[in-house]
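Down below is the structure, laid out as C-alpha coordinates.
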2 protein chains.
Amino acid sequence: MSSSDRFIEIMGLMFQDGGDPRIAGRIFGLLIIEGRELSLQQISERLGVSRASVSTNARQLAKRGAIRLTAHAGDRQDFYELNNFPSVDVLGEMAERMTRQAQAVREFIEPIRQENEPAAERVEDLSRAFGHAAEVLGDWATKLRNDQTNQRGHE
Amino acid sequence: MSSSDRFIEIMGLMFQDGGDPRIAGRIFGLLIIEGRELSLQQISERLGVSRASVSTNARQLAKRGAIRLTAHAGDRQDFYELNNFPSVDVLGEMAERMTRQAQAVREFIEPIRQENEPAAERVEDLSRAFGHAAEVLGDWATKLRNDQTNQRGHE
DNA sequence: TAGTTCGTTCAGTAGGTACTGAACGAACTG
DNA sequence: CAGTTCGTTCAGTACCTACTGAACGAACTA
(Lines give C-alpha, C1' and ligand atoms only; values in the text may rest on other atoms or scores of the structure.)
Protein backbone atom coordinates (compact mmCIF):
# COMPACT_ATOMS: atom_id res chain seq x y z
CA MET A 1 0.00 0.00 0.00
CA SER A 2 1.54 3.27 -1.13
CA SER A 3 1.90 6.38 0.95
CA SER A 4 -0.65 8.03 -1.28
CA ASP A 5 -3.16 5.31 -0.49
CA ARG A 6 -2.45 5.65 3.19
CA PHE A 7 -2.91 9.39 2.94
CA ILE A 8 -6.29 8.86 1.32
CA GLU A 9 -7.33 6.57 4.16
CA ILE A 10 -6.13 9.07 6.75
CA MET A 11 -8.25 11.74 5.16
CA GLY A 12 -11.19 9.39 5.40
CA LEU A 13 -10.55 8.90 9.09
CA MET A 14 -10.17 12.64 9.69
CA PHE A 15 -13.53 13.27 8.11
CA GLN A 16 -15.07 10.47 10.11
CA ASP A 17 -13.55 11.91 13.25
CA GLY A 18 -15.22 15.20 12.46
CA GLY A 19 -18.58 13.52 12.05
CA ASP A 20 -18.57 13.31 8.27
CA PRO A 21 -18.78 10.24 6.04
CA ARG A 22 -15.49 8.48 5.59
CA ILE A 23 -16.02 8.23 1.86
CA ALA A 24 -16.20 12.01 1.59
CA GLY A 25 -12.75 12.25 3.12
CA ARG A 26 -11.41 9.61 0.78
CA ILE A 27 -12.75 11.42 -2.25
CA PHE A 28 -11.15 14.62 -1.01
CA GLY A 29 -7.84 12.86 -0.39
CA LEU A 30 -7.91 11.18 -3.78
CA LEU A 31 -8.47 14.47 -5.57
CA ILE A 32 -5.57 16.02 -3.65
CA ILE A 33 -3.30 13.19 -4.73
CA GLU A 34 -4.43 13.19 -8.34
CA GLY A 35 -4.49 16.95 -8.77
CA ARG A 36 -6.73 16.69 -11.79
CA GLU A 37 -10.35 16.10 -12.48
CA LEU A 38 -11.68 12.57 -12.22
CA SER A 39 -15.01 11.27 -13.42
CA LEU A 40 -17.54 9.93 -10.96
CA GLN A 41 -16.91 6.52 -12.48
CA GLN A 42 -13.14 6.79 -12.03
CA ILE A 43 -13.52 7.82 -8.42
CA SER A 44 -15.87 4.92 -7.83
CA GLU A 45 -13.43 2.41 -9.31
CA ARG A 46 -10.33 3.83 -7.71
CA LEU A 47 -11.84 3.87 -4.22
CA GLY A 48 -13.79 0.66 -4.64
CA VAL A 49 -17.13 2.17 -3.65
CA SER A 50 -20.43 2.32 -5.48
CA ARG A 51 -21.27 5.09 -7.92
CA ALA A 52 -24.22 5.87 -5.67
CA SER A 53 -21.93 6.71 -2.77
CA VAL A 54 -19.65 8.81 -4.91
CA SER A 55 -22.63 10.67 -6.33
CA THR A 56 -23.98 11.50 -2.89
CA ASN A 57 -20.70 12.35 -1.21
CA ALA A 58 -19.09 14.24 -4.06
CA ARG A 59 -22.14 16.46 -4.34
CA GLN A 60 -21.96 17.01 -0.59
CA LEU A 61 -18.30 18.00 -0.83
CA ALA A 62 -19.04 20.30 -3.75
CA LYS A 63 -21.81 21.96 -1.76
CA ARG A 64 -19.30 22.60 1.01
CA GLY A 65 -16.86 24.04 -1.48
CA ALA A 66 -14.05 21.56 -0.99
CA ILE A 67 -14.27 20.25 -4.55
CA ARG A 68 -16.14 21.34 -7.63
CA LEU A 69 -18.11 19.74 -10.40
CA THR A 70 -16.78 20.26 -13.88
CA ALA A 71 -18.18 19.39 -17.28
CA HIS A 72 -17.07 19.13 -20.88
CA ALA A 73 -18.99 19.70 -24.08
CA GLY A 74 -19.82 16.44 -25.74
CA ASP A 75 -19.25 14.41 -22.57
CA ARG A 76 -22.10 13.44 -20.35
CA GLN A 77 -19.88 12.47 -17.47
CA ASP A 78 -19.58 14.50 -14.28
CA PHE A 79 -16.02 15.30 -13.34
CA TYR A 80 -14.89 16.45 -9.94
CA GLU A 81 -11.69 18.21 -9.04
CA LEU A 82 -10.13 19.91 -6.07
CA ASN A 83 -11.22 23.50 -5.69
CA ASN A 84 -8.47 26.06 -6.09
CA PHE A 85 -8.71 27.22 -2.52
CA PRO A 86 -10.70 24.59 -0.71
CA SER A 87 -9.98 26.07 2.71
CA VAL A 88 -11.49 29.38 1.69
CA ASP A 89 -14.75 27.82 0.61
CA VAL A 90 -14.90 25.52 3.60
CA LEU A 91 -14.40 28.49 5.91
CA GLY A 92 -17.16 30.34 4.12
CA GLU A 93 -19.49 27.42 4.71
CA MET A 94 -18.55 27.33 8.39
CA ALA A 95 -19.22 31.04 8.64
CA GLU A 96 -22.68 30.54 7.18
CA ARG A 97 -23.38 27.80 9.66
CA MET A 98 -22.36 30.05 12.54
CA THR A 99 -24.63 32.76 11.22
CA ARG A 100 -27.54 30.32 11.16
CA GLN A 101 -26.78 29.19 14.69
CA ALA A 102 -26.49 32.77 15.93
CA GLN A 103 -29.87 33.50 14.40
CA ALA A 104 -31.48 30.36 15.81
CA VAL A 105 -30.26 31.17 19.30
CA ARG A 106 -31.18 34.83 19.04
CA GLU A 107 -34.82 33.91 18.56
CA PHE A 108 -34.88 32.48 22.07
CA ILE A 109 -33.58 35.55 23.86
CA GLU A 110 -36.82 37.47 24.27
CA PRO A 111 -39.08 34.52 25.04
CA ILE A 112 -36.65 33.35 27.68
CA ARG A 113 -36.39 36.85 29.10
CA GLN A 114 -40.07 36.58 30.03
CA GLU A 115 -39.33 33.49 32.07
CA ASN A 116 -35.86 34.09 33.39
CA GLU A 117 -34.06 37.37 32.89
CA PRO A 118 -30.50 36.32 33.82
CA ALA A 119 -30.76 33.24 31.63
CA ALA A 120 -31.70 35.48 28.72
CA GLU A 121 -28.45 37.37 29.23
CA ARG A 122 -26.45 34.17 28.94
CA VAL A 123 -28.36 33.10 25.85
CA GLU A 124 -27.64 36.49 24.36
CA ASP A 125 -23.96 35.98 25.10
CA LEU A 126 -24.07 32.69 23.24
CA SER A 127 -25.77 34.27 20.26
CA ARG A 128 -23.12 36.99 20.19
CA ALA A 129 -20.41 34.36 20.37
CA PHE A 130 -21.84 32.61 17.30
CA GLY A 131 -22.18 35.92 15.51
CA HIS A 132 -18.63 36.84 16.34
CA ALA A 133 -17.44 33.45 15.14
CA ALA A 134 -19.20 33.97 11.83
CA GLU A 135 -17.51 37.33 11.48
CA VAL A 136 -14.03 36.07 12.26
CA LEU A 137 -14.41 33.13 9.91
CA GLY A 138 -15.65 35.38 7.15
CA ASP A 139 -12.73 37.80 7.59
CA TRP A 140 -10.31 34.93 7.69
CA ALA A 141 -11.67 33.52 4.44
CA THR A 142 -11.34 36.92 2.79
CA LYS A 143 -7.77 37.33 3.98
CA LEU A 144 -6.87 33.82 2.80
CA ARG A 145 -8.37 34.46 -0.59
CA ASN A 146 -6.35 37.63 -1.03
CA ASP A 147 -3.13 36.01 0.16
CA GLN A 148 -3.52 33.13 -2.23
CA THR A 149 -4.57 35.26 -5.15
CA ASN A 150 -1.46 37.43 -4.71
CA GLN A 151 0.77 34.42 -4.30
CA ARG A 152 -0.49 32.89 -7.52
CA GLY A 153 -0.25 36.23 -9.26
CA HIS A 154 3.48 36.37 -8.57
CA GLU A 155 4.24 32.98 -10.01
CA MET B 1 -43.11 23.31 27.16
CA SER B 2 -41.28 26.48 28.15
CA SER B 3 -38.96 28.48 25.93
CA SER B 4 -36.10 27.40 28.16
CA ASP B 5 -36.92 23.75 27.52
CA ARG B 6 -37.13 24.39 23.81
CA PHE B 7 -33.79 26.16 23.94
CA ILE B 8 -32.26 23.13 25.64
CA GLU B 9 -33.60 20.87 22.89
CA ILE B 10 -32.29 23.20 20.20
CA MET B 11 -28.84 23.04 21.74
CA GLY B 12 -29.11 19.26 21.65
CA LEU B 13 -29.95 19.37 17.95
CA MET B 14 -27.11 21.79 17.21
CA PHE B 15 -24.64 19.47 18.83
CA GLN B 16 -26.08 16.53 16.96
CA ASP B 17 -25.83 18.48 13.74
CA GLY B 18 -22.16 19.03 14.45
CA GLY B 19 -21.59 15.32 14.99
CA ASP B 20 -21.69 15.35 18.79
CA PRO B 21 -24.07 13.51 21.11
CA ARG B 22 -27.38 15.22 21.56
CA ILE B 23 -27.22 14.78 25.31
CA ALA B 24 -24.00 16.80 25.45
CA GLY B 25 -25.81 19.71 23.84
CA ARG B 26 -28.72 19.39 26.24
CA ILE B 27 -26.39 19.45 29.24
CA PHE B 28 -24.71 22.54 27.84
CA GLY B 29 -28.05 24.20 27.24
CA LEU B 30 -29.32 23.32 30.68
CA LEU B 31 -26.28 24.82 32.35
CA ILE B 32 -26.69 28.00 30.31
CA ILE B 33 -30.29 28.30 31.45
CA GLU B 34 -29.58 27.50 35.08
CA GLY B 35 -26.46 29.62 35.38
CA ARG B 36 -25.32 27.75 38.46
CA GLU B 37 -23.74 24.45 39.25
CA LEU B 38 -25.87 21.33 39.14
CA SER B 39 -25.00 17.89 40.45
CA LEU B 40 -24.72 14.97 38.09
CA GLN B 41 -27.84 13.59 39.72
CA GLN B 42 -29.78 16.82 39.20
CA ILE B 43 -28.79 16.98 35.56
CA SER B 44 -29.83 13.37 35.10
CA GLU B 45 -33.26 13.99 36.63
CA ARG B 46 -33.88 17.29 34.92
CA LEU B 47 -33.06 15.94 31.47
CA GLY B 48 -34.57 12.51 32.04
CA VAL B 49 -31.44 10.60 31.06
CA SER B 50 -29.37 8.06 32.93
CA ARG B 51 -26.57 9.01 35.29
CA ALA B 52 -24.28 6.99 33.07
CA SER B 53 -24.98 9.23 30.10
CA VAL B 54 -24.53 12.39 32.12
CA SER B 55 -21.28 11.06 33.53
CA THR B 56 -19.89 10.30 30.09
CA ASN B 57 -21.09 13.41 28.32
CA ALA B 58 -20.41 15.91 31.07
CA ARG B 59 -16.84 14.71 31.32
CA GLN B 60 -16.56 15.04 27.54
CA LEU B 61 -17.85 18.60 27.67
CA ALA B 62 -15.49 19.42 30.53
CA LYS B 63 -12.59 18.02 28.54
CA ARG B 64 -13.54 20.33 25.71
CA GLY B 65 -13.71 23.25 28.08
CA ALA B 66 -17.36 24.12 27.64
CA ILE B 67 -18.25 23.32 31.24
CA ARG B 68 -16.23 22.53 34.32
CA LEU B 69 -16.36 20.09 37.19
CA THR B 70 -16.64 21.62 40.64
CA ALA B 71 -16.47 20.09 44.09
CA HIS B 72 -17.25 20.97 47.67
CA ALA B 73 -15.61 19.84 50.87
CA GLY B 74 -17.78 17.34 52.66
CA ASP B 75 -19.82 16.53 49.57
CA ARG B 76 -19.00 13.57 47.43
CA GLN B 77 -21.15 14.73 44.55
CA ASP B 78 -19.73 16.03 41.29
CA PHE B 79 -21.14 19.38 40.26
CA TYR B 80 -20.89 20.85 36.80
CA GLU B 81 -21.30 24.45 35.76
CA LEU B 82 -20.86 26.58 32.69
CA ASN B 83 -17.31 27.73 32.21
CA ASN B 84 -16.78 31.46 32.44
CA PHE B 85 -15.72 31.77 28.84
CA PRO B 86 -16.79 28.56 27.16
CA SER B 87 -16.03 29.83 23.67
CA VAL B 88 -12.42 30.50 24.59
CA ASP B 89 -11.84 26.98 25.76
CA VAL B 90 -13.73 25.44 22.88
CA LEU B 91 -11.62 27.44 20.44
CA GLY B 92 -8.50 26.27 22.20
CA GLU B 93 -9.60 22.68 21.78
CA MET B 94 -10.29 23.26 18.09
CA ALA B 95 -6.86 24.79 17.70
CA GLU B 96 -5.28 21.72 19.25
CA ARG B 97 -7.19 19.47 16.91
CA MET B 98 -5.99 21.48 13.92
CA THR B 99 -2.44 21.18 15.18
CA ARG B 100 -2.79 17.41 15.40
CA GLN B 101 -4.22 17.25 11.90
CA ALA B 102 -1.47 19.47 10.52
CA GLN B 103 1.09 17.16 12.08
CA ALA B 104 -0.62 14.00 10.84
CA VAL B 105 -0.72 15.33 7.29
CA ARG B 106 2.84 16.66 7.42
CA GLU B 107 4.15 13.17 8.00
CA PHE B 108 2.94 12.17 4.56
CA ILE B 109 4.67 14.91 2.63
CA GLU B 110 8.11 13.33 2.21
CA PRO B 111 6.95 9.75 1.62
CA ILE B 112 4.55 10.99 -1.04
CA ARG B 113 7.26 13.13 -2.59
CA GLN B 114 9.10 9.93 -3.42
CA GLU B 115 6.10 8.70 -5.35
CA ASN B 116 4.59 11.84 -6.79
CA GLU B 117 6.27 15.21 -6.46
CA PRO B 118 3.36 17.49 -7.41
CA ALA B 119 1.03 15.61 -5.09
CA ALA B 120 3.46 16.22 -2.25
CA GLU B 121 3.14 19.95 -2.90
CA ARG B 122 -0.60 19.78 -2.53
CA VAL B 123 -0.34 17.72 0.63
CA GLU B 124 2.06 20.31 1.99
CA ASP B 125 -0.48 23.01 1.18
CA LEU B 126 -3.07 21.11 3.17
CA SER B 127 -0.75 20.74 6.12
CA ARG B 128 -0.02 24.45 6.02
CA ALA B 129 -3.73 25.19 5.89
CA PHE B 130 -4.27 23.16 9.06
CA GLY B 131 -1.32 24.83 10.72
CA HIS B 132 -2.59 28.24 9.78
CA ALA B 133 -6.03 27.33 11.08
CA ALA B 134 -4.53 26.32 14.42
CA GLU B 135 -2.71 29.62 14.59
CA VAL B 136 -5.73 31.76 13.79
CA LEU B 137 -7.89 29.87 16.26
CA GLY B 138 -5.25 30.23 18.97
CA ASP B 139 -4.92 33.97 18.37
CA TRP B 140 -8.64 34.36 18.34
CA ALA B 141 -8.96 32.54 21.67
CA THR B 142 -6.29 34.78 23.18
CA LYS B 143 -7.99 37.92 21.93
CA LEU B 144 -11.35 36.75 23.24
CA ARG B 145 -9.89 35.97 26.62
CA ASN B 146 -8.37 39.43 26.92
CA ASP B 147 -11.55 41.16 25.77
CA GLN B 148 -13.66 39.31 28.25
CA THR B 149 -11.23 39.67 31.12
CA ASN B 150 -11.16 43.42 30.59
CA GLN B 151 -14.91 43.61 30.29
CA ARG B 152 -15.40 41.77 33.59
CA GLY B 153 -12.69 43.81 35.24
CA HIS B 154 -14.64 47.01 34.61
CA GLU B 155 -17.84 45.77 36.18
C1' DT C 1 -19.13 -5.26 60.09
C1' DA C 2 -23.19 -4.20 56.64
C1' DG C 3 -25.53 -0.54 54.25
C1' DT C 4 -25.79 3.92 51.48
C1' DT C 5 -24.53 7.08 48.03
C1' DC C 6 -21.64 8.59 44.90
C1' DG C 7 -19.31 8.14 39.84
C1' DT C 8 -17.58 5.06 36.46
C1' DT C 9 -17.35 1.12 33.47
C1' DC C 10 -19.14 -2.12 30.42
C1' DA C 11 -22.19 -5.38 27.97
C1' DG C 12 -26.23 -5.02 25.52
C1' DT C 13 -29.70 -2.64 22.78
C1' DA C 14 -32.06 0.69 20.07
C1' DG C 15 -31.78 4.00 16.68
C1' DG C 16 -29.68 6.23 13.11
C1' DT C 17 -26.59 6.80 9.43
C1' DA C 18 -23.36 5.22 5.60
C1' DC C 19 -23.29 2.45 1.97
C1' DT C 20 -24.99 -0.84 -1.61
C1' DG C 21 -27.63 -2.63 -5.49
C1' DA C 22 -31.37 -2.16 -8.29
C1' DA C 23 -34.47 0.62 -10.72
C1' DC C 24 -35.17 4.70 -13.07
C1' DG C 25 -35.10 9.03 -16.24
C1' DA C 26 -32.29 11.65 -19.31
C1' DA C 27 -29.38 12.04 -23.10
C1' DC C 28 -27.40 9.99 -26.44
C1' DT C 29 -26.33 6.28 -30.66
C1' DG C 30 -27.36 3.16 -34.26
C1' DC D 1 -37.23 2.11 -32.30
C1' DA D 2 -34.04 -0.63 -28.88
C1' DG D 3 -29.70 -0.35 -26.55
C1' DT D 4 -26.01 2.10 -23.91
C1' DT D 5 -24.12 5.16 -20.58
C1' DC D 6 -24.58 8.50 -17.61
C1' DG D 7 -26.26 10.30 -12.60
C1' DT D 8 -29.72 10.04 -9.17
C1' DT D 9 -33.02 8.02 -6.08
C1' DC D 10 -34.61 4.76 -2.94
C1' DA D 11 -35.34 0.51 -0.27
C1' DG D 12 -32.69 -2.49 2.25
C1' DT D 13 -28.48 -3.79 5.13
C1' DA D 14 -24.79 -3.53 7.75
C1' DC D 15 -22.48 -0.98 10.82
C1' DC D 16 -21.67 2.14 14.35
C1' DT D 17 -22.54 4.95 18.24
C1' DA D 18 -25.49 6.94 21.74
C1' DC D 19 -27.71 5.49 25.49
C1' DT D 20 -29.31 2.37 29.21
C1' DG D 21 -29.15 -0.71 33.21
C1' DA D 22 -26.54 -3.38 36.05
C1' DA D 23 -22.42 -4.23 38.42
C1' DC D 24 -18.68 -2.36 40.64
C1' DG D 25 -15.12 0.30 43.67
C1' DA D 26 -14.55 4.17 46.61
C1' DA D 27 -15.80 6.85 50.33
C1' DC D 28 -18.50 7.32 53.75
C1' DT D 29 -22.02 6.10 58.05
C1' DA D 30 -23.91 3.45 61.70
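These numbers come from the heavy atoms of this one structure, side chains and all, not from hydrogens, waters or symmetry mates. Convention: sequence-line order gives letters A, B, ...; per-chain numbering from 1.
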| message | Ignoring hydrogens, what is the shortest heavy-atom contact between S2(A) and E115(B)? Give both atom names and the distance. | response |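 The answer is CB-OE2, 3.5 Å.
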
| query | Is there a Watson-Crick or G-U wobble partner for dC19(C) with both distances under 3.5 Å, and if so, which one is it? | reply |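 Here dC19(C) is engaged in a pair, and the nucleotide opposite it is dG12(D).
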
| Does anyone know the first and last nucleotide of DNA chain C in reach of chain B, 5' to 3', at under 4.0 angstrom to a heavy atom? |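 Going 5' to 3' along DNA chain C, contacts run dT5(C) to dT9(C).
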
| query | Can you list every salt bridge (Lys or Arg N to Asp or Glu O under 4.0 Å) pair that touches residues 73-84 of chain A, not counting sequence neighbours? | reply | R68(A)-E81(A)

| request: Give every residue pair that meets the salt bridge (Lys or Arg N to Asp or Glu O under 4.0 Å) criterion with at least one member in residues 47-57 of chain A, sequence neighbours excluded. | output: none

| said: Test: side-chain hydrogen bond (donor to acceptor under 3.5 Å, both in side chains). Region: residues 17-31 of chain A. Which pairs qualify, not counting sequence neighbours? | reply: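 Listed by first then second residue: E9(A)-R26(A), Q16(A)-R22(A), D20(A)-R64(A).
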
| message | Suppose we screen for side chain to side chain donor-acceptor pair (under 3.5 Å). Which residues come up paired with E117(B), at least two apart in sequence or across chains? | response | R113(B)

| Residues from residues 50-61 of chain A sitting under 4.0 Å of DNA chain D, heavy atoms only? | R51(A), A52(A), S55(A), R59(A)

| task | Under 4.0 Å from any atom of DNA chain D, heavy atoms only: list the residues of residues 62-83 of chain B that qualify, in numerical order. | result |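 Contacting residues: R76(B).
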
| request: Could you list the residues that satisfy ring-ring contact (aromatic ring centres under 6.0 Å, His included) with F15(B), not counting sequence neighbours? | output: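 Expected list: F28(B).
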
| request: Tell me, please, which residues at least two apart from F7(A) pass ring-ring contact (aromatic ring centres under 6.0 Å, His included). | output: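 Scan of F7(A) (ring-ring contact (aromatic ring centres under 6.0 Å, His included), adjacent residues dropped) gives F108(B).
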
| request: Please list, by residue number, the residues of residues 19-44 of chain B whose heavy atoms come closer than 4.0 Å to an atom of DNA chain C; answer none if no residue qualifies. | output: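 Only L40(B) qualify.
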
| Side-chain donor-acceptor contact under 3.5 Å, E45(B) with Q41(B) |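 E45(B) vs Q41(B): donor-acceptor pair found between side chains.
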
| request: Indicate whether the side chain of Q114(B) and that of E110(B) have a donor and an acceptor atom separated by less than 3.5 Å. | output: no

| task | Considering only NZ, NE, NH1 and NH2 on the basic side and carboxylate oxygens on the acidic side, decide whether D125(A) and R128(A) come within less than 4.0 Å. | result |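 Here D125(A) pairs with R128(A) in a salt bridge, since their nearest N and O are under 4.0 Å apart.
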
| request: Hey, could you give me each pair passing ring pair (Phe, Tyr, Trp, His ring centres under 6.0 Å) that has a residue in residues 42-62 of chain B? Not counting sequence neighbours. | output: none

| query | Is F79(B) reachable from I32(B) through a run of hydrophobic residues whose side-chain heavy atoms are each under 4.5 Å from the next? | reply |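 Each belongs to a different hydrophobic cluster.
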
| Between atom CZ in F15(B) and atom C1' in dA18(D), what is the gap in whole Å? |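 After rounding, the reported distance stands at 15 Å.
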
Using residues 92-100 of chain A as the side-chain source, report each donor-acceptor pair under 3.5 Å to any protein atom, sequence neighbours left out, with the distance given to one decimal.
residue, atom, partner, partner atom, Å
T99(A), OG1, A95(A), O, 3.0

